[in-house]
Amino acid sequence: ARFAVSMALDGAAELHLKDVVWERPALISEENLELHVSLRPGEQGEVAFEIHAEPIGGEVSVYSRGIVTEKAAAAVPPAHDLRALRAQCTQGQWDGASCYAMFDRLGLRYGECFQGLQALSTGAGVALAQIALPASQLAAADRYVLHPSLLDAAWQAAIGVRLGAEREPAMMLPFALERLDVLAPCP
């Protein structure tokens, strides 16, 4: 959606997502699934998007929707004290392999392309993760401002907030995002 809006706005570089909802997963097993992005201009230069499939029986299957804007949440991004965050992460620490073994036990089977979580530390209501683009995705890294594998690894880290509170969290998949400001391409 971000790319489609960028093209519609003649290559606008700094675009931000807000109020994004993933309504249903696009499953690999869905034969001949062809997704489309629809854009609608909104107020104050915002662009609403919807990712959907062709109508089946007259009904459109919406997979995701949200808003793309050229305005960042804050003129100056907030600084985070990583040392202070690390100090709060006293409830658990895992390497990437341990995280993916736990995800597998929960029924979340991430292929190699989506195993970007390198390390995870948790504390009371906080998770701090080290993420990296999987080696198999490095060749395509320059095609994205934020590679889907990195975004997914950040979502995977969100499960870590529950890890600190429980021994083995229940299956949890994030489905909404209030805001995402990508301030520069993520290498």
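Both backbone and side-chain heavy atoms feed into the values below; hydrogens, waters and symmetry mates do not.
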Enquirer: According to a 4.5 Å side-chain heavy-atom criterion applied to Ile, Leu, Val, Met, Phe, Trp and Tyr, with indirect links allowed, do Ile67 and Leu180 form part of one hydrophobic cluster?
Expert: no
Enquirer: State the SG-CG distance between Cys99 and Leu117, to the nearest 0.5 angstrom.
Expert: 4.5 Å
Enquirer: Can a donor-acceptor pair be found, under 3.5 Å and without considering hydrogens, that links the side chain of Gln115 to the backbone of Pro134?
Expert: no
Enquirer: Side chains of Ser98 and Asp95 only: does a donor on one sit below 3.5 Å from an acceptor on the other?
Expert: yes
Enquirer: What's the shortest heavy-atom distance between Ser64 and Phe49, and which atoms?
Expert: OG-CE1, 3.9 Å
Enquirer: Between CZ of Arg83 and CD of Gln88, what distance do you get to the nearest 0.5 Å?
Expert: 14.0 Å
Enquirer: Nearest heavy-atom pair of Leu133 and Leu150: which atoms, and what distance?
Expert: N-CD2, 3.5 Å
Enquirer: Answer with yes or no whether the hydrophobic clustering places Val21 together with Ile51; edges join I, L, V, M, F, W, Y residues whose side-chain heavy atoms lie under 4.5 Å apart.
Expert: no
Enquirer: Kindly give the heavy-atom pair with the smallest separation between Arg179 and Asp181, and that separation in Å.
Expert: NE-OD1, 3.2 Å
Enquirer: Please list all pairs passing the salt bridge (Lys or Arg N to Asp or Glu O under 4.0 Å) test where one or both residues lie in residues 47-68, with sequence neighbours left out.
Expert: Glu23-Arg65, Glu50-Arg65
Enquirer: Distance check, rounded to the nearest 0.5 Å: Lys18 atom NZ versus Leu177 atom CG?
Expert: 12.5 Å
Enquirer: For residues Val62 and Val60, determine if any side-chain heavy atom of one lies less than 4.5 Å from a side-chain heavy atom of the other.
Expert: yes
Enquirer: Please find the pair of heavy atoms, one from His147 and one from Ala141, that lie closest to each other, and give the distance.
Expert: CD2-CA, 4.3 Å
Enquirer: Would Arg86 and Ser121 count as a side chain to side chain contact (heavy atoms under 4.5 Å, CB included) if you check the C-alpha gap in whole Å, the side-chain angles of each, and the deciding distance to 0.1 Å?
Expert: CA-CA 8 Å; Arg86 281 188 193 102; Ser121 301; over 6 Å; no
Enquirer: Are Leu151 and Val20 co-members of a hydrophobic cluster defined by side-chain heavy atoms under 4.5 Å apart?
Expert: yes
Enquirer: Establish whether Ile131 and Val126 are linked, either directly or via other cluster members, by ILVMFWY side-chain heavy-atom contacts under 4.5 Å.
Expert: no
Enquirer: Using a 4.5 Å cut-off on heavy atoms from C-beta on, say whether the side chain of Leu128 contacts that of Leu82.
Expert: yes
Enquirer: Measure from the side-chain N and O atoms of Thr69 to the backbone N and O of His16, and report whether any donor-acceptor pair falls under 3.5 Å.
Expert: no
Enquirer: Could you tell me which non-hydrogen atom of Tyr110 sits nearest to which non-hydrogen atom of Asp152, and how far apart they are?
Expert: CE2-OD2, 3.2 Å
Enquirer: Rounded to the nearest 0.5 Å, what separates atom CD in Gln156 from atom CZ in Phe114?
Expert: 9.0 Å
Enquirer: Nearest heavy-atom pair of Trp155 and Trp22: which atoms, and what distance?
Expert: CZ2-CZ3, 3.4 Å
Enquirer: Is there a path of hydrophobic side-chain contacts, each under 4.5 Å between heavy atoms of I/L/V/M/F/W/Y residues, joining Leu108 to Phe175?
Expert: no
Enquirer: Excluding sequence neighbours, so at least two apart, what forms side chain to side chain donor-acceptor pair (under 3.5 Å) with Arg24?
Expert: Ser61
Enquirer: Hey, does Leu33 have a side-chain heavy atom less than 4.5 Å from the side chain of Leu35?
Expert: yes
